[in-house]
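Structure, as structure tokens:
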Amino acid sequence: MSFDLKNIIRRNILDLKPYSSARNEFSGDNAVLLDANENPYNTPYNRYPDPNQSDLKDKVSSIFNIRMENIFLGNGSDEAIDLIFRAFCEPGVDRVISIEPSYGMYKVCADIQDVAVDGALLNEDFSLNTENILCQIKQETKIIFLCSPNNPSGNLLEEEKIIDLLSRFEGLIVVDEAYIDFADGDGVLKYLNEYKNLIVLRTFSKAWGLAGIRLGMAFASTEIVEVLNKIKYPYNLNILTQEFALEALQEFKKRKAWLSDIINERERMEKQLTTFSFVEKIHHSDANFLLVKTKNPASIYNYLVKEGIIVRDRSRVPLCEGCLRVTIGSKKENDLLLGKLKTFSL
Ligand SMILES: *Cc1c(COP(=O)(O)O)cnc(C)c1O
């Protein structure tokens, strides 16, 4: 395999001269800042945020043990997904492959950029079908999107198969690990130095409980991260997010307690849900949700909405016939769901 980013990146992006703010040229605290037409009052919110997000990146670097040059921080991992399309896929020409079923944002970002998505069905048990992926690769295929643990199926993808793909495909492979904290494995971040075509997505929206502040990460080679930084909005992370995240990322103990809580509840819910007559199967989950196969998904879904409980109907998604996706909530929330389902089955 010979991976060369220059064969992948769009010509206009390679040639792009990014917006530069004068603030990049000065570091220190005592400057008189008359460069950016800011209001001198209302400190500190009158100032534009650090476009390099140095303090936060330093923190993220120490948490994940990844060098700062290999970290892109975005407005959710959704921003990283969007930028990856815009950096590497020529509209109307290039294509990507996505496993199917998987997260909806890959297809949405592809459609916005006018990039065709070739779906590669997983096996019936949602394990990775390498053959289905390989036979979809065309001359124009720039990226393969994998998601592990996968949404909506919940299972971790097999590491050996991901590695095999990384060594065989000459384009980029994005592995979205939004749910990796809920799984037993530690994911594929450890292969970052070995495979220059690997991009790993992580987020603070799930295990860290910070979906509201919008903060996601892409880990990749220095060259790839430089490209993403070059095309992002200069101030993509606002001051509030950067400051709040710095504080919140100290809370390792809290996060660990949440994780063990949610995983315990996942196991309890799995046992409880199997007792209902209308539940046919509960798929194994390495994430913070369960994919539950039922006899009558639409009527259960509608009944729950009426009762004020919202789950996700995935029954029209490939390989997910009859399936509802249920997030693991607090014990109280989960008990409310179980109670309502008991009344439904009567
Ligand atoms: C929830 C989720 C994300 C998180 O996206 P953010 O923009 O970081 O909130 C990413 N990928 C998948 C597969 C998800 O389910």
Side-chain angles (χ1 to χ4, degrees), residues 77-78 81 95-111 115-138 141 143-165 169 173-180 182-185 187-188 201 206 266-267 269-270 273-274 276-302 304 310-328 337 341:
S77 33
D78 286 348
I81 295 168
R95 316 178 72 89
V96 303
I97 294 170
S98 168
I99 54 169
E100 212 174 46
S102 196
Y103 185 44
M105 272 311 277
Y106 315 139
K107 171 85 173 117
V108 172
C109 292
D111 286 348
V115 169
V117 180
D118 298 304
L121 266 189
L122 297 169
N123 294 315
E124 287 284 327
D125 65 355
F126 297 120
S127 60
L128 203 53
N129 185 318
T130 308
E131 265 317 303
N132 280 357
I133 292 177
L134 292 176
C135 76
Q136 291 284 8
I137 296 175
K138 303 174 175 64
T141 305
I143 309 170
I144 298 173
F145 282 89
L146 306 176
C147 182
S148 175
N150 187 36
N151 179 5
S153 54
N155 58 304
L156 207 54
L157 301 179
E158 307 94 308
E159 203 165 295
E160 322 79 66
K161 289 190 190 170
I162 298 177
I163 296 309
D164 181 44
L165 280 173
F169 180 53
I173 297 193
V174 175
V175 183
D176 185 343
E177 294 188 331
Y179 299 99
I180 194 69
F182 303 100
D184 271 338
V188 296
L201 302 181
K206 309 286 154 71
R266 181 179 77 200
E267 285 162 11
M269 288 302 280
E270 198 176 334
L273 288 168
T274 34
F276 293 103
S277 60
F278 52 81
V279 169
E280 293 189 328
K281 184 185 172 115
I282 297 176
H283 293 279
H284 170 78
S285 174
D286 299 298
N288 66 338
F289 56 84
L290 291 170
L291 190 68
V292 184
K293 182 166 187 184
T294 66
K295 293 201 175 90
N296 41 353
S299 51
I300 298 170
Y301 176 83
N302 289 327
L304 287 175
I310 317 298
V311 298
R312 199 84 202 265
D313 183 355
R314 300 280 77 184
S315 60
R316 282 173 299 275
V317 167
L319 303 180
C320 296
E321 198 189 324
C323 288
L324 298 172
R325 194 193 69 194
V326 181
T327 305
I328 304 301
L337 172 66
L341 288 176

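Between L290 and M269, the closest heavy-atom pair is CD1-CB, 3.9 Å. Counting all heavy atoms, side chain and backbone alike, L156 lies closest to G185 at CD2-N, 4.1 Å. Considering all non-hydrogen atoms of both residues, P152 and R314 come closest at CB-CD, 3.9 Å. Shortest non-hydrogen contact noted between K161 and T130 is CD-OG1, 3.8 Å. Minimum heavy-atom separation, L121 to N129: O-CB, 3.6 Å.
With hydrogens and angles left out, the side-chain atoms of D286 and N155 include no donor and acceptor closer than 3.5 Å. Using modelled atom types and a 3.5 Å distance limit, the side chains of Y103 and D78 yield a donor-acceptor pair.
Using a 4.5 Å heavy-atom threshold, the side chains of L146 and V174 count as separate. Within the 4.5 Å cutoff, no side-chain heavy atoms of V117 are placed close to those of Y106. Taking the side chain as every heavy atom from C-beta outward, L201 and V175 never approach each other to under 4.5 Å. R266 is listed as a side-chain neighbour of F182, based on a closest heavy-atom distance under 4.5 Å. For the pair L128 and I133, the minimum side-chain heavy-atom distance is below 4.5 Å. Under the 4.5 Å side-chain criterion, counting only non-hydrogen atoms from C-beta, E280 is not in contact with T294. Residues Q136 and T141 have side chains not in contact (no heavy-atom distance under 4.5 Å, counting atoms from C-beta outward). Between I99 and S102 there is a side-chain heavy-atom pair separated by less than 4.5 Å.
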Side chain to side chain contact (heavy atoms under 4.5 Å, CB included) assessment of L304 paired with L337: CA-CA 8 Å; L304 287 175; L337 172 66; 3.8 Å; yes

Determine, stepwise, if the pair K138 / D118 fulfils side chain to side chain contact (heavy atoms under 4.5 Å, CB included). CA-CA 10 Å; K138 303 174 175 64; D118 298 304; 3.6 Å; yes

Take V188 and I180, measure what side chain to side chain contact (heavy atoms under 4.5 Å, CB included) needs, and give me the verdict at the end. CA-CA 10 Å; V188 296; I180 194 69; over 6 Å; no

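With hydrogens and angles ignored, the 3.5 Å screen pairs a side-chain donor or acceptor of N150 with a backbone N or O of P101. N302 places a side-chain N or O within donor-acceptor distance of the main-chain N or O of A298, the cut-off being under 3.5 Å. The main-chain N or O of S127 is never found under 3.5 Å from a side-chain atom of E158 such that the two would form a donor-acceptor pair.
Using cut-offs of 30° and 60° for the angle between ring planes, the F276 and F278 rings count as parallel.
Around the CG atom of D125, the shell of radius 6.0 Å holds more than 12 heavy atoms that belong to other residues, nucleotides or ligands. Annotation: K295, atom NZ; neighbour count of heavy atoms from other residues, nucleotides and ligands within 6.0 Å is above 12.
A distance of 11.5 Å separates OG of S153 from CG of N123, quoted to the nearest 0.5 Å. Distance check, rounded to the nearest 0.5 Å: CZ of F126 to CD of E100 gives 11.5 Å. N288 contributes atom CG, which lies 7.0 Å from atom NZ of K206 (distance to the nearest 0.5 angstrom). Separation of atoms CG (D176) and OG (S77) is listed at 5.5 Å; rounding is to 0.5 Å.
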Could you list the donor-acceptor pairs under 3.5 angstrom formed between side-chain atoms of residues 315-327 and any protein atom two or more places apart in sequence or on another chain?
| unit_1 | atom_1 | unit_2 | atom_2 | d |
| --- | --- | --- | --- | --- |
| S315 | OG | D313 | OD1 | 2.6 |
| R325 | NH1 | N151 | OD1 | 2.8 |

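None of I144, N132, L134 except one satisfies the side-chain contact (heavy atoms from CB on, under 4.5 Å) rule with I97; the exception is I144.
Taking the six-membered ring for Trp and the full ring otherwise, Y179 and F289 have centroids separated by under 6.0 Å.
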